[in-house]
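The next block holds one structure in the form of structure tokens; read it before the comments.
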Amino acid sequence: MLTYLFRRLLLLGPTLLGVSMIVFSVFALAPGGIEGALVANDGNLTPGAKEARERYLKQRYGLDSPPPIQYLRWLNKISPVGMKQDDIGKYTGFGFKSPDLGDSFMRNRPVRVLIAESLPYTLMLQLISVPVTYVIAMLAGLLAARKRGGFFDVASGTFFLGMYSFPVIALSVLMIGFLANANYIKIFPAQGLSSLQADVWPYLPGYANGHFVPGYLLDVCWHLIVPVICLSYGNFAFLCKLTRASVLENFRADYVRTARAKGLRENVVLFRHVFRNSLIPLITFLASLLPSLIIGSVVVENVFGIRGMGQLFVEAAQQRDFELSLGITIITSTLTLLSYLLSDILYMVADPRVTFE
Amino acid sequence: MENRFGFKDLVLMTLLFGVIGVVILAMFQFDRQNQRVVDIATNLNTLSQQSIALSQQAEKQTAVLNQIRDQLAKGIVATPAAAAPTVSTPTTPTTPAAAASADTAINIPTGPTDPFGPLREARSKPDFKQGDWYIANFGTRIGKITPLVSSDVYGSEVQARIQETLLTRDSDTLKWKPLLAESYEIQPDGKSVIYKLRKGIKFSDGVDFTAKDVVFTFQQILNPKIDAARARSSIEDVGTKVEALDDYTVKFTLLKPYYEMISLTGYTGILPEHFYSKFTPGQFNETPGLLMGTGPYRLANPETWKPGTRLELLRNDYYWGVKPAFDKLIYLEITDETAAETTFTNGEMDYLPAVAKQYNKLKDDKKVMANSQALNYYNMLGGYTYVAWNQKKKNNASGTNVETPFADKRVRQAMTMLIDREKLAAEIYKGYARPATGPFSRSGRQADPKVEPWPYDPERAKKLLATAGFKDVNGTLMTADGKPFKFELMFPGGSSFSEQIALFIKDQLAEGGVQVELRPTDWPALVEKLKNGEFEATTLGWSASVESDLKQIFHSSEIKPGGDNRTSYASPELDKAIDAARACIDEDQRMKLWNACHDIIAEDQPYTFLVERQTLRLMSNRIQNIKKARMGLNYTGLEVMPLPWYSNSLKYSN
């Protein structure tokens, strides 16, 4: 077991190296090269001192050296062991140092800070939508499996499949256009995570000066409803089918027959025996969801004006901000690899038949 | 008992996570409330200072009154001349109260030099109301609002509300008016200018504004460690030297007479030295929201704004000038078009920039128009679209530059006459555009009003092409050596709008027998090709400024790698005219010289100037006093100028 873990962790390094190399090559080989975007994104096209700015940026970010050197320099920056640098960028010696994700060209701010700013919004969205998805899909899957081929099974299957096929971007725009539009039904806010007046409201709903005030908590929840729906609905189908299949499989197992033969009530059989055992594939699936937690909500963030990680990554890629893109890539690919490892371990924990010896 | 994760545990876990989530949210809210308490405490503090100052004043006045009473009792006639100086013994205006009554503290003479003219006029209207919020939208995510180091226009818009400049431009006459300066005087040598600053102006934290701040601003720009290469290069080129002659007099000296001297020196937002000198260049470069100034608005905290939090500008209680109407300016960051439109039609936003199709749709929607107003106008800063004809194409095989047919003036003129720009404006811009006559906005002072757009005249074009050696064979134009005349038109790929224009040009030229091959090109690659001259023709746009510099685009000295004269257009006559205009300090005379440049360019057609487009926007009906002006509207977000708009209903309050 330990050797297996050790081997997997050792493999992590080369894989990450490969990933970063590929991403970097994509940037370097694109027409215009890495510095192409610096010229292209320099504000609006006012004839101005473009050249001076270009020269300055090239020197500041070392873009005038050949791409392989730039890549090595970046590797040195993110590694915990390597050449140390002083404040003005001169190399002072070799040794342990604090790894640094570098600076964003476009924003001229540390990548670490940019990620720290965006991550909470995305995590909040996902940490609400994932449990919601799981609870609804699992319940639906259970019910569907209980009466296999019955009305609920067919209806939920069709409905969820329909939702699965409906693009997020279309639904979120439609939701805004109809449910947040004063010309149709205005029950939800169109944008953002809080109302304009929210910062003067109390935390809990109540009355202030004789008016009802929703309060900060309710306001945030109210703003979250539509984005969470848009984030969750597409995953219902997959999870529901997964639960259904797993429950059905367990229904056929010997221990269920025994339980039924003992004269246990059907609900007890379902929830105490079958349900627990059916959870195994769902738990392992959860682990593989981890990476998508980080940048899986691009569309929703964009439409609802939430400044999360998806937004940040898309912007970085569009503007060819290579240190920012690589920073995010490294973080997400580390998470992906770790989550695969985690899901393997969870497998073993959940099902004693699996070993890695 | 089995030790397994059961349903009860699941419920408990969910509850636990729920509680944790709620606690985290509560922490954010407490943080915000704490910030608010601090704000209130600060306000209370200033209020109490105000009341102290007022009571002091009252005491003094009572004393004076007593004196008068005594004197009256004594039977001496008090002449007003004797009493007046005692009454108005100045209490130094150290509080916002005193500063807010700025009309009395700082004397701003009304008349042609009064920058607050339009605002004063608005304030005298019967439905004028002080208060309410103005909510606009930036259709993008703002990364940074720190001056000098922020690169996008949205940052500039916020800075223009918070930091003021020595001078401001009148939106109608386009002439300079003193703002922070009281007056300015160009020295007889033509390369230096002296500004006299107004006394008694304060930054939004109550510290006095003096000549030191002006000097500091320029030192900051010239500091090579500050990431302000763009601003720096224009100042370095002319060798600006700035010195404070005394606390309220600043002198700028340039190496040589330069036409932009006034805008370079007088139109730079002034940074407060006491505030910005606290930060190292590194901190200045990297902090997204370091913004403080003398302007009518301020950030709640000049240091801590971060991207992702809402951008709200509050009223500056220390403001020295005439107060604008709105208590708060809010800038949303809605990127999605549908979401922006919905927010606007819901009445949650006061301003919606629109594209032609959307504008027409909303303009005809009675429900929407019941509470909004539709505006279309020519914005001077809007710029123009063009087709650039490359006269020397870089040949990749030999590495040398080869002359293209466009080196012949007659060919370029013919191309212009083959493209129906009126039709382009009507079809693609839905009529919200007009043909451009040259590189200057037609409403600006630089443009020669006598220059008319070239006519759409395919017959004349064909004759002109025949004189240039082209032959018409069954509707196809042949070059002198018997090959069909064709060229590649490069345009930014991925933009459907550019594609429409490119297709339109292709159609129009095909009617004249010219074959156009479209080359949609990824933006970075396009820039690279422009730089190297590896193209034959391209259609793009330039944005404009109130006074545009032609040197960058059309002067022959800019035919170099990195220069913006990408078409290798060289005209000694134009070079001379541009140099003359750039060396001319007198504005009225200079405009005549620019007019002459315009004439030459219109004749030479180095570009085919396509159209100037209108700016289309919808505004909420609440917002009053929106008028068209030469600059576009009587208030332009990007320019430093007092905001003359107001709301006639107090929808929001602090």
Side-chain angles (χ1 to χ4, degrees), chain A residues 30-33 36-37 39-40 42-57 60 87 103 106-110 113 117-118 121 124 127-128 131 173 176-177 180-183 186 190-192 196-197 199-200 203 216-217 220 271 275-276 302-305 307 311 315 320, chain B residues 4 7 14 17 21-22 25-26 29-30 32 36 133 135 141 143-144 149 151-153 227 229-230 232-234 285-286 288 306-308 310 330 332-336 338-339 342-343 345-348 367 383 522-525 527-528 531 540-543 545 548-549 552-553 562-564 652:
Chain A
V39 198
D42 195 14
N44 54 357
L45 262 179
T46 317
K50 208 169 276 173
E51 204 188 342
R53 188 174 153 74
E54 214 184 303
R55 207 176 334 118
Y56 172 83
L57 286 170
R60 184 185 154 100
D87 285 342
D103 289 298
M106 297 308 154
R107 305 273 181 82
N108 189 2
R109 299 180 62 203
V113 175
E117 267 170 22
S118 311
Y121 296 107
M124 175 160 82
L127 288 184
I128 295 172
V173 168
I176 289 184
N181 190 332
N183 287 341
K186 172 93 180 86
Q191 280 289 304
L196 286 180
Q197 298 95 332
D199 53 348
V200 277
Y203 182 60
Y216 180 70
L217 178 67
V220 170
F271 285 105
F275 180 57
R276 273 191 190 162
N302 202 9
V303 175
F304 292 96
R307 247 184 129 132
Q311 278 277 345
E315 245 168 68
R320 292 218 206 142
Chain B
R4 286 181 74 173
F7 186 68
T14 321
F17 278 120
V22 169
L25 275 177
Q29 171 71 354
F30 289 144
R32 291 152 63 133
R36 213 172 154 72
W133 302 351
I135 305 166
R141 321 250 146 212
K144 215 178 242 189
V149 297
S151 60
D152 56 9
V153 289
D227 185 14
R230 183 188 271 252
R232 185 157 57 238
S233 77
S234 55
N285 286 342
E286 293 197 342
K306 268 192 310 198
R310 189 174 286 125
I330 297 177
L332 306 176
E333 298 169 76
I334 307 177
T335 45
D336 185 76
T338 322
T342 310
T343 315
T345 53
N346 284 350
E348 292 160 349
K367 257 192 210 159
D522 184 34
W523 189 237
V527 173
E528 188 79 13
K531 208 159 98 181
L540 287 170
W542 282 117
S543 71
S545 33
S548 308
D549 184 5
Q552 195 79 19
I553 315 177
D564 278 319
Y652 301 99

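Chain letters run A, B, ... following the sequence lines, proteins first and then strands; every chain starts at 1. Side chains included, hydrogens not; waters and symmetry mates left out as well; all remaining heavy atoms used.
When heavy atoms are compared at a cutoff of 4.5 Å, A:V220 approaches chain B solely by way of its side chain, counted from C-beta outward. Proximity to chain B is limited to the side chain of A:Y121, based on heavy atoms less than 4.5 angstrom apart. The parts of B:N346 that come within reach of chain A are both its backbone and its side chain, each placing non-hydrogen atoms under 4.5 angstrom from that chain. With a 4.5 Å cut-off on non-hydrogen atoms, B:I330 touches chain A through its side chain but not through its backbone. For A:L217, the part sitting under 4.5 Å from any heavy atom of chain B is the side chain, from C-beta outward, and nothing else.
Contact check for B:E348 versus A:Q191: no side-chain heavy atoms found under the 4.5 Å cut-off. Contact annotation: the side chain of A:D103 approaches that of B:E286 to within less than 4.5 Å [non-hydrogen atoms, C-beta and beyond].
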Quiz item: Is there a side-chain contact (heavy atoms from CB on, under 4.5 Å) between B:T335 and A:N302 once you walk through the steps?
Solution: CA-CA 7 Å; B:T335 45; A:N302 202 9; 3.0 Å; yes
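The structure places NZ of B:K306 at 8.0 Å from CZ of A:R109, a figure rounded to the nearest 0.5 Å. Taken from OG1 in B:T343 to CG in A:N181, the straight-line distance is 9.5 Å, to the nearest 0.5 Å.
With sequence neighbours excluded, the residues forming a side chain to side chain contact (heavy atoms under 4.5 Å, CB included) with A:S118 are A:M309, A:L312, listed by chain and number. With sequence neighbours excluded, no residue forms a side-chain hydrogen bond (donor to acceptor under 3.5 Å, both in side chains) with B:K367.
Each of A:P131, A:A180, A:G192 has some count of heavy-atom pairs under 4.5 Å with chain B, and the biggest count is that of A:A180. Contacts with chain A were tallied for B:T345, B:V22, B:I135; B:V22 has the most, counting heavy-atom pairs under 4.5 Å. Of all the listed residues (B:G143, B:P288, B:G347, B:G21), the one sharing the greatest number of non-hydrogen pairs under 4.5 Å with chain A is B:P288.
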